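Comments concern the structure below.
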Amino acid sequence: MLVGSDAVFAASPHPRLWGTAPRFLGRYAIRDRIVTVREAIARLSFRAARRVGLENRGEIAPGQRADLVAFDPDTVIDRATYDAPELSPSGIEWVIVGGAVAVDPNGPTGTRRGHVARMKPSRN
C-alpha cells in the first residue's frame, strides 16, 4: 500500500489535503506502530514516486531532486479539521523543495521552487 490523497486545492479543501502524510507518519507509524517509521517514509516518498514514474524523486541520493521534510517524531501529527482544513500539521518544521527552504520553524518562507512533475509515458 502506498500513501496519497485525492484532495484538491479549493476554497474549502478537505482536511486530508494537509493531513494525510502527517497522520500516516504520526499516528500509524510512530504512535500505533502499524508500520515502521522507515516503511512509512518509503510509502510516502520513493515508492510512491516510482509507482507514478518519477525517477528523480523520493530518495536522498546523487541525481535526485532535493525535496526533503524534517520532522519531530515526538510531535508530528495532522491537525486539519473540517472547520480548519488548512491547519498545518505539528512536528514538521523544515520543508526543502528543489534544494531551497520552503518552510522553516517560522512558517512558509515564500520560496517557490516546486513545479508540476510529469510522469513518463506508459509502455503498455
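Quick caveat: nothing in here was measured; it's all calculated off a predicted structure.
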Do [X] and [Y] touch side chain to side chain, with heavy atoms closer than 4.5 Å?
X   : Y   : value
V3  : T20 : yes
V97 : R65 : yes
R51 : R43 : no
R33 : Y28 : no
F71 : I30 : yes

Distance in Å, [X] [atom1] paired with [Y] [atom2], rounded so as to fall on 0.5 Å steps:
X   : Y   : atom1 : atom2 : answer
R57 : Q64 : CZ    : CD    : 9.0 Å
L54 : S45 : CG    : OG    : 12.0 Å
W18 : L87 : CH2   : CG    : 10.0 Å
I92 : D78 : CD1   : CG    : 9.5 Å
S12 : E86 : OG    : CD    : 7.5 Å
W94 : D72 : CH2   : CG    : 14.0 Å

Checklist entry - Got a donor-acceptor contact below 3.5 angstrom from the S90 side chain to the T75 backbone? => result yes
Checklist entry - For I34, does its backbone N or O pair with a side-chain atom of D32 as donor and acceptor, under 3.5 Å? => result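 Judged by distance alone, no pair lies under 3.5 Å.
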Checklist entry - Quick check: are there more than 12 heavy atoms from other residues, nucleotides or ligands sitting under 6.0 Å from CZ of R112? => result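 No - once you tally the heavy atoms of other residues, nucleotides and ligands closer than 6.0 Å, there are 12 at most.
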Next on the checklist: Please enumerate all residues that pass side chain to side chain contact (heavy atoms under 4.5 Å, CB included) together with R31, with sequence neighbours excluded.
Outcome noted: R27
Result block: side-chain N/O donor-acceptor pairs under 3.5 angstrom for residues 101-108, not counting sequence neighbours:
from	atom 1	to	atom 2	distance (Å)
D104	OD1	N106	N	2.8
D104	OD1	G107	N	3.4

